Amino acid sequence: MTALDNVLQPFQLENHAAQGRLVRLGDSLHQVLTAHEYPSEVANLLGELQVIAALMSGTLKFEGVLSIQIKGDGPVSMLLVDVTTDGDMRGYAKFDSEKLEKVLEDGAAGPQQNVPKFLGTGYFALTVDQGPDTHPYQGVVQLEGATLAECAHSYLRQSAQLDAAVKVVVSEIENASAPNWRGGGIMVQKSAFSGFQLIDGEATDADFEDAWRRAVIFLGSCTNEELLEADLHPHQLLFRLFSEDGVRVFDPSSFAMKCRCSADRVRNVLVSFPREEVESMKVGNDVVVTCEFCNVDYRFDADGIDTIFKEVDAL
Ligand SMILES: [Zn+2]
């Protein structure tokens, strides 16, 4: 088996007590985290949110774009990640370098306290946009938890009413010629009792609860190294973790870093402002708009600005 990368692997326990997803991200994560010069603490948080968005994209049924935005009053004031049904991912973070340095100097709280330490108090919002003629769905919860995985868990419990367990890890791997960011995650969610099966005999509520608890314990036994290991096939890892109850895997889907920005979209944004305001954005003769996600510059010279506003006036 060749190991798969940038992949979402859905699975289900043979006893139907739980279903879940395994996510591993290589290039798709590395490219997002290196599009800007993020301090490693910020890159870590953004990468974790990317893994969480990937897990959520396999959990919630949708056709379109799923985005997760976190806003806080800490040194990292915003994290934004989105993923489409086709697996296109992008994301970016906003942070205050001075505040971040101060928090790092103070050195309070261990590495497991990333959320209170770097994001502070705020909210976790998940939006699903399924296109022009639909109502976007949004669920918002308070930022609750020491880690982003805990925040995701509390979102699933409060907003999606799902009993779930989530494990997420992101790390910069040093063994390659250049360091590479990698991320992995795994979640299980409790299935309905009605589908639960025992090999022999009538299944009781207590059997079901036992089976669910075992699934959570097996998930907890998964190490960070296993989640990050590029050469370990997702099937092998799942069979290793859940072999006691048996596990069935379904077709995987893949992820890639792909931004949806375009010159057309930037033009539409520019013409939504009064012309004087756009003129005042000029540096030299040009207006340069940089995509916050992928860091690509869109440059419009004086003639270009003239043209787009003439097109609007002609409408
Ligand atoms: Zn872009």
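Note that the structure is predicted; figures quoted are calculated from it, not measured. Both counts, for ligands and for their atoms, begin at 1 and track the order of listing.
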Counting only pairs under 3.5 Å, give me each side-chain donor-acceptor contact of residues 119-131, with atom names and distances, residues two or more places apart or in other chains.
| from | atom 1 | to | atom 2 | distance (Å) |
| --- | --- | --- | --- | --- |
| Thr127 | OG1 | Gln138 | NE2 | 2.9 |
| Asp129 | OD1 | Gly131 | N | 3.0 |
| Gln130 | OE1 | Glu63 | N | 2.7 |

Which side-chain N or O atoms in residues 44-60 pair as donor and acceptor under 3.5 Å with protein atoms at least two apart or in another chain?
| from | atom 1 | to | atom 2 | distance (Å) |
| --- | --- | --- | --- | --- |
| Gln50 | NE2 | Ser28 | O | 3.1 |
| Ser57 | OG | Ala54 | O | 2.8 |
| Thr59 | OG1 | Arg21 | NE | 3.2 |
| Thr59 | OG1 | Leu55 | O | 2.8 |

The Zn ion (ligand 1) - number of protein N/O/S atoms closer than 2.8 Å: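 For the Zn ion (ligand 1), the figure is 4.
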SB check Asp106 Lys102 (cutoff 4.0 Å):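 Salt bridge flag = yes for Lys102 with Asp106.
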Set of side-chain hydrogen bond (donor to acceptor under 3.5 Å, both in side chains) partners for Arg275, sequence neighbours left out: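 By the side-chain hydrogen bond (donor to acceptor under 3.5 Å, both in side chains) rule, Arg275 matches Glu279, Asp306.
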Between Asp297 and Thr290, a side-chain donor and acceptor under 3.5 Å: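 Note: Asp297 and Thr290 side chains meet the donor-acceptor criterion.
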Phe62 and Tyr137 aromatic centres sub-6.0 Å: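 No, the ring centres sit 6.0 Å or more apart.
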